[in-house]
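Counting begins at 1 with the first residue of the sequence.
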Amino acid sequence: MSQGAGGSGSLLLLAGLLSALGPSPTSSIHVYTQREVYGTVGSHVTLSCSFWSSEWISEDISITWHFQAEGSRDSTSIFHYAKGQPYIDDVGSFKERMEWVGNPHRKDGSIVIHNLDYTDNGTFTCDVKNPPDIVGKSSQVTLYVFEKVPTRYGVVLGSIIGGALLLVAVVVALVYLIRYCWLRRQAALQRRLSAMEKGKLQRSAKDASKRSRQAPVLYAMLDHSRGTKPVSEKKAKGAPGDSRKDKK
């Protein structure tokens, strides 16, 4: 009894550890579709669906497409692939307009819808099971049917961003051009001011040289005038003596 209890306890512990670890990485499958697809009335569109599985493609692989119309809460099955054969549901508006173009061995589960109509607007869901890879999440693509295919939002957004970047580039170029012209004008003004200052210095130097040349002449004239004044005075003072001599 104790050994049986111990064995059952070990099995429970092992089961608990396995459940705590969660599902094995090999028991998961990943499905990929586009987010949005656009089409025009009367044309056809391909709803691409690819998947990745860690296991070899099984003979029991199944691919299912569901459709949920725009504004509706109900989802209906429109296509099913199983046992190597595609099955298009007879119920619904897609029964005569759907084409299977996928290849499970290439991990492709795509379909084509012909003769599009406004009633085809809605969400399409692709679900893939590849036993033992049965755990995974399906993928959805939204179909928009227009009278004419509108310009994609990405193109519009890219045009807006491109225009904004072009405007910024033009503004930056203008700023640099204005700054370049201002710096050039300031440089020309600085050269003009330096030339004027240089001219003033040259004129002041010439004036200083002229004053230095005139100073000796003035000094000489002053010295000459001082030297000639006593002689004339002496002559003036000696004039009476001479007259006395003449009288004798």
Side-chain angles (χ1 to χ4, degrees), residues 18-19 21-158:
L18 290 175
S19 62
L21 290 174
S24 174
T26 59
S27 61
S28 61
I29 190 168
H30 303 277
V31 184
Y32 308 96
T33 61
Q34 297 171 276
R35 290 184 58 187
E36 297 177 351
V37 175
Y38 301 89
T40 57
V41 175
S43 66
H44 68 276
V45 67
T46 300
L47 302 181
S48 300
C49 177
S50 60
F51 61 91
W52 179 89
S53 175
S54 59
E55 297 288 337
W56 292 98
I57 302 302
S58 170
E59 293 296 330
D60 296 327
I61 187 172
S62 63
I63 301 173
T64 306
W65 279 91
H66 292 82
F67 172 68
Q68 183 178 354
E70 185 178 14
S72 175
R73 296 183 179 180
D74 298 328
S75 177
T76 58
S77 175
I78 60 174
F79 176 82
H80 188 68
Y81 179 93
K83 302 297 181 179
Q85 295 294 326
Y87 299 94
I88 299 174
D89 291 352
D90 294 335
V91 180
S93 60
F94 298 100
K95 59 181 180 179
E96 297 178 355
R97 299 187 295 123
M98 187 180 299
E99 180 185 359
W100 165 250
V101 293
N103 188 341
H105 294 284
R106 296 181 180 178
K107 300 180 179 180
D108 184 9
S110 303
I111 58 175
V112 176
I113 299 177
H114 296 274
N115 194 19
L116 291 175
D117 193 21
Y118 292 115
T119 57
D120 298 334
N121 282 294
T123 302
F124 294 81
T125 304
C126 180
D127 186 31
V128 181
K129 304 295 183 184
N130 182 38
D133 286 357
I134 57 174
V135 178
K137 187 178 180 181
S138 58
S139 186
Q140 295 180 339
V141 54
T142 303
L143 173 62
Y144 296 96
V145 181
F146 299 94
E147 184 178 356
K148 293 181 179 180
V149 176
T151 305
R152 291 193 175 184
Y153 302 110
V155 177
V156 175
L157 183 60

For the residue pair [X] and [Y], establish whether any side-chain heavy-atom pair is separated by less than 4.5 Å.
X	Y	answer
Asp117	Val145	no
Ile63	Trp100	yes
Phe124	Ile78	yes
Phe51	Ile61	yes
Tyr144	Asn121	yes
Leu116	Leu143	yes

For [Y], does its backbone N or O pair with a side-chain atom of [X] as donor and acceptor, under 3.5 Å?
X	Y	result
Lys107	Trp52	no
Ser110	Cys49	yes
Asp89	Lys95	no
Thr46	Ser48	no
Asn130	Ser58	yes

task: Answer with yes or no whether the side chains of Glu36 and Tyr38 bring together a donor and an acceptor at under 3.5 Å.
output: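 Result is yes, a qualifying pair exists.
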
message: Is there a side chain to side chain contact (heavy atoms under 4.5 Å, CB included) between Phe94 and Phe79? Walk through the geometry before answering.
response: CA-CA 9 Å; Phe94 298 100; Phe79 176 82; over 6 Å; no

field: Lys/Arg-Asp/Glu bridge criterion (N-O < 4.0 Å) met for Arg97, Asp120
entry: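 Judged by the 4.0 Å cut-off on N to carboxylate O distance, Arg97 and Asp120 do form a salt bridge.
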
Lys/Arg-Asp/Glu bridge criterion (N-O < 4.0 Å) met for Asp60, Lys83: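 Judged by the 4.0 Å cut-off on N to carboxylate O distance, Asp60 and Lys83 do form a salt bridge.
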
Verdict with supporting geometry, Ser77 and Thr64, side chain to side chain contact (heavy atoms under 4.5 Å, CB included): CA-CA 7 Å; Ser77 175; Thr64 306; 4.1 Å; yes

query: What distance separates Ser138 OG from Trp65 CH2, expressed to the nearest 0.5 Å?
result: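 Rounded to the nearest 0.5 Å, the OG-CH2 separation comes to 10.5 Å.
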
message: Would you say NE2 of His44 has more than 12 non-hydrogen atoms from neighbouring residues, nucleotides or ligands within 6.0 angstrom?
response: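 No, not enclosed.
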
